[in-house]
Amino acid sequence: MESPPRSFHKQNNIVCLKLCLLLFMGCVPDTTNLSYSQFLDTPAIIPYNSSDMASPFQTLSLDGYLSFDNNHHTAKDFGNVYHHLPSAVLYPKSVSDISSTIKLIFEMGSGSELTVAARGHGHSFHGQAQAHRGVVINMESLKGSPEMQVHLGQQPYVDVSGGELWINILHETLKHGLAPKSWTDYLHLTVGGTLSNAGISGQAFRHGPQINNVYQLEVVTGKGDIITCSGKQDPELFYAVLGGLGQFGIITKARISLQPAQKMVKWIRVLYSDFSLFSKDQELLISAENSFDYIEGFVIINRTGLLNNWRSSFNPKDPIQASQFNSDGKTLYCLEMAKYFNPEETDVMDQILLSKLQYIPSTLFTSEVSFVNFLERVHLSEIKLREKGLWEVPHPWINLLIPKSKIHEFAEEVFGNILTDNINGPILMYPVNKTMWNNKTSLVTPDEDVFYLVAFLSSVVPSSTGTDGFDKILTLNRRILQYSATANLGIRQYLPHYRTQEEWRAHFGSQWKVFIQRKSSYDPLAILAPGQRIFKKAVPII
Ligand code: FAD
């Protein structure tokens with residue numbers, strides 16, 4: 001790759017710049033209460049004069065390089081709401097590039113406010129992978145170091161770089177007839193990015209989230225130490241990092257568990273107008289033996305047709321009823337199931353299990369797709385949305401984890417009162433079994449054995465003042481979050497986003513103590529992942 005003009009490089013380590021970073025340090029603007037129009041009024045990206053930068057970095061000997069210019073792309077993410085420009089971007093070619101950069105910043109001590117954010121594929125929603133005037137590490141530069149390596153045997157696994165995209169892992173492992181067990185709905189995300197959160201999709205009821213399907217990690221801590229850890233070797237760091245929101249270390253390698261992969265998927269959707277029947281059937285399926293391989297669901301609010309909901313659309317290949325079914329504007333609930341199979345197998349659908357479900361009889365929609373196309377389903381929608389210019393719009397998404405015992409109360413208020421219209425995007429809703437999840441990780445979930453993931457995935461139409469406009473969607477989000485926080489239902493945010501440490505404290509609850517203990521062990525100066533806004537550098541961690 002060609003280096004940008006102003007960069008530090010091992011081979012070309014001649015650039016000596018004065019880095020007066022402290023002069024430029026400021027608080028991260030609190031943008032949460034701003035409207036979209038205010039974002040447009042203020043410069044989205046705060047400019048600074050990079051030529052004033054001195055260089056503690058000049059002593060670094062890198063296999064990759066540091067770039068000080070043209071870094072605006074790292075001040076953007078999928079959410080497209082927060083825009084914080086870093087002072088430099090590291091394009092690492094080795095783990096030691098990451099380690100030596102962090103070590104250098106660590107040695108600058110708490111007097112320097114320089115922070116470091118790993119950036120995976122930059123698909124966060126609220127600036128989590130950004131570092132205001134800090135250093136962003138472009139993790140995808142690490143791809144291929146080492147090369148992905150599949151290990152066969154009784155417990156097959158693949159060793160990958162932390163900057164690897166899940167889609168590439170899928171293609172590589174399929175060459176061996178294998179695939180990871182647990183996915184996200186969208187695979188153009190990095191291993192480090194999803195393992196820092198959880199990685200939840202329709203397989204999580206059986207296999208747990210992606211963080212439960214990792215054997216080993218290599219991590220660079222906030223002190224710059226390179227540590228290999230697992231459930232047996234340095235377990236404290238291993239479990240801290242999994243679901244740890246990037247707070248304890250940068251994942252540079254991961255060992256992901258695999259299983260045999262089938263070639264095809266039977267993909268089934270059925271509709272309900274009664275929420276109780278819908279959730280009862282979802283709960284039945286996640287606890288049934290020999291159930292489906294994937295169970296999700298979504299809510300369809302106030303739609304007269306079903307063909308215009310991107311994520312959940314019934315594509316035209318579905319039976320003709322799908323396009324004809326008219327909801328008359330009622331709220332509908334769609335249960336979505338998938339069964340993996342090989343073409344030579346017959347009778348793949350569990351008819352007995354299906355016959356136990358209480359969906360509207362005329363609404364059984366089935367299709368068969370390849371395993372790859374099933375897992376790539378959101379990317380296929382992405383291609384269409386990109387063609388229409390509707391992908392790179394603001395996405396103020398919110399994800400909630402709701403205890404099973406409170407899901408009816410939540411649904412009644414949110415789908416009955418708060419949301420009277422669609423949110424210009426899908427609303428996912430499905431239960432998972434917590435008994436399958438490892439509770440030693442940093443991920444925070446509700447206290448019950450079964451809880452629901454409910455995701456409000458709105459897309460803003462930039463110039464709109466209607467229900468798909470920024471202000472309207474933010475207002476709805478705020479009402480849902482306010483209700484969730486005050487109704488005392490034991491709801492937790494997933495991919496959490498808060499403004500104050502008080503809110504973070506409440507989010508972690510009894511796990512907060514462990515979280516800050518781990519922070520002071522592995523990143524005592526709070527250098528890492530400032531975009532999560534949990535800790536501020538140079539403020540003592542107590
Ligand atoms: P980034 O946005 O680049 O980073 C996210 C956070 O992780 C940041 O704090 C960053 O500093 C940190 N980080 C990144 N790399 C590393 C690393 N190597 N080591 C340590 N910290 C690191 N999530 C689900 O669970 N299930 C889904 O089904 C799902 N579907 C999605 C669909 C779409 C279209 C999108 C845009 C997102 C979806 N997500 C889903 C959310 C997604 O998993 C998270 O936003 C994830 O963090 C994005 O990965 P990324 O590589 O882009 O990470």
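If you're wondering where the values come from, they're calculated on a predicted model, not measured in any experiment.
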| Side chains of L66 and V89 in contact at under 4.5 Å (non-hydrogen atoms) | no
| task | Examine distances only and state if a side-chain atom of E164 and a backbone atom of G162 form a donor-acceptor pair shorter than 3.5 Å. | result | no
| request: Using side-chain contact (heavy atoms from CB on, under 4.5 Å) as the criterion, point out the one residue from R518, Q517, K440 that pairs with E236. | output: R518
| message | Looking at every heavy atom in both A198 and P209, which two are closest together, and how far apart are they? | response | O-CB, 3.6 Å
| When the ring centroid of F371 is compared with that of Y340, is the distance short of 6.0 Å? | yes
| task | Anything under 30° is parallel, anything over 60° is perpendicular, the rest tilted; go ahead and classify W512 against F535. | result | parallel
| said: Would K223 and D523 count as a salt bridge (Lys or Arg N to Asp or Glu O under 4.0 Å) here? Give the steps. | reply: CA-CA 6 Å; K223 299 177 193 169; D523 181 24; over 6 Å; no
| query | Counting distance only, does the side-chain N/O of T101 pair as donor-acceptor with the main-chain N or O of D97 below 3.5 Å? | reply | yes
| said: Assess the residue pair I295 and E336 against the criterion (side-chain contact (heavy atoms from CB on, under 4.5 Å)); give the C-alpha distance rounded to whole Å, side-chain angles, the decisive distance to 0.1 Å, and a yes or no. | reply: CA-CA 6 Å; I295 296 163; E336 189 178 43; over 6 Å; no
| With a 4.5 Å heavy-atom cut-off, do L217 and L242 have their side chains touching? | yes
| said: Are the side chains of L489 and S484 in contact, using a 4.5 Å heavy-atom criterion? | reply: no
| task | State the CE-CD1 distance between M139 and I98, to the nearest 0.5 angstrom. | result | 4.0 Å
| query | What is the ring orientation for H84 with H132, classed by angle as parallel under 30°, tilted 30 to 60°, or perpendicular over 60°? | reply | perpendicular
| task | Determine whether L85 and H72 make a side-chain contact, defined as any pair of heavy atoms from C-beta on separated by less than 4.5 Å. | result | yes
| request: Compare all side-chain heavy atoms of I250 with those of I102 and state whether any distance is below 4.5 angstrom. | output: yes
| query | Do Y186 and W166 have their ring centres less than 6.0 Å from each other? | reply | no
| message | Under the criterion side-chain contact (heavy atoms from CB on, under 4.5 Å), I'd like the reasoning laid out for V160 against K253: C-alpha separation, chi angles, the key distance, then a yes or no. | response | CA-CA 6 Å; V160 298; K253 284 183 206 151; over 6 Å; no
| request: May I ask you to decide whether K76 forms a salt bridge with E392, counting only side-chain N to carboxylate O separations under 4.0 Å? | output: yes
| task | Evaluate the side-chain proximity of I473 to I423: yes if any heavy-atom separation is below 4.5 Å, no if none is. | result | no
| task | Taking atom NZ of K404 as the centre, report whether more than 12 heavy atoms of other residues, nucleotides or ligands fall under 6.0 Å from it. | result | no
| field | Closest approach of C229 to V219 (non-hydrogen atoms, all atoms of both residues) | value | SG-CG2, 4.0 Å
| query | Quick one: are the ring centres of F205 and F292 less than 6.0 Å apart? | reply | no
| field | R479 charged N/C atom sitting above Y483 aromatic ring, 6.0 Å / 45° | value | no
| query | Quick check: does any side chain N or O of D225 sit under 3.5 Å from a backbone N or O of I227, one acting as donor and the other as acceptor? | reply | no
| said: Using only atom types and a distance under 3.5 Å, with no angle test, would you say the side chain of Q493 pairs donor to acceptor with the backbone of H497? | reply: yes
| query | L90 versus V136: any side-chain heavy-atom pair under 4.5 Å? | reply | no
| Is it the case that E218 and T252 place a side-chain donor and acceptor less than 3.5 Å from each other? | yes
| field | Heavy-atom side-chain proximity of H123 to D77 below 4.5 angstrom | value | no
| K434/D449 ion pair, N-O < 4.0 Å | no
| task | Take the angle between the ring planes of W504 and Y498 and call it parallel below 30°, perpendicular above 60°, tilted in between. | result | perpendicular
| query | Does a donor on one side chain sit under 3.5 Å from an acceptor on the other, for Q210 and T194? | reply | yes
| query | Are Y452 and E283 linked by a side-chain donor-acceptor pair shorter than 3.5 Å? | reply | yes
| said: For the backbone of S257 and the side chain of N213, can you confirm whether one donor and one acceptor N or O come within less than 3.5 Å of each other? | reply: no
| field | Full working for side-chain hydrogen bond (donor to acceptor under 3.5 Å, both in side chains) between T500 and E503 | value | CA-CA 5 Å; T500 66; E503 289 170 311; 3.3 Å; yes
| Between CG on residue L170 and CG on residue N168, distance to nearest 0.5 Å | 9.0 Å
| task | Determine the interplanar angle of the H121 and H188 rings, folded into 0 to 90°, and report it as parallel if under 30°, tilted if 30 to 60°, perpendicular if over 60°. | result | tilted
| said: Side chains of T74 and Q130: any donor to acceptor distance under 3.5 Å? | reply: no
| message | Show the nearest heavy-atom pair for residues Q247 and A529, with the distance to one decimal. | response | NE2-O, 3.2 Å
| query | How many angstroms lie between CD1 in I427 and CD1 in I480, if you round to the nearest 0.5 Å? | reply | 7.0 Å
| field | Side-chain donor-acceptor contact under 3.5 Å, E448 with S405 | value | yes
| query | For the residue pair H395 and F125, is the inter-centroid distance of their aromatic rings smaller than 6.0 Å? | reply | no
| Value rounded to 0.5 Å, distance of OG in S67 from OH in Y65 | 6.5 Å
| request: Indicate yes or no for a side-chain donor-acceptor contact from T184 to the backbone of L187 under 3.5 Å, with no hydrogens or angles considered. | output: no
| message | Return the OG1 to CD distance between T173 and Q259, rounded to the nearest 0.5 Å. | response | 10.0 Å
| Hey, would you say the W437 and F451 ring centroids sit under 6.0 Å apart? | yes
| request: Please check if the side chain of S112 supplies one atom and the backbone of L114 the other of a donor-acceptor pair under 3.5 Å. | output: yes
| request: Starting at CE of M436, measure out to CD of Q203 and round the result to the nearest 0.5 Å. | output: 13.0 Å
| query | So, W397 side chain and G79 main chain: donor-acceptor pair closer than 3.5 Å or not? | reply | no
| query | Closest approach of S141 and Y91, non-hydrogen atoms and distance? | reply | OG-CD2, 3.4 Å
| query | Taking the six-membered ring where the residue is Trp, are the ring centres of Y294 and H207 under 6.0 Å apart? | reply | no
| said: Looking only at the side chains, is there a donor atom on one of R492 and T445 sitting less than 3.5 Å from an acceptor on the other? | reply: no
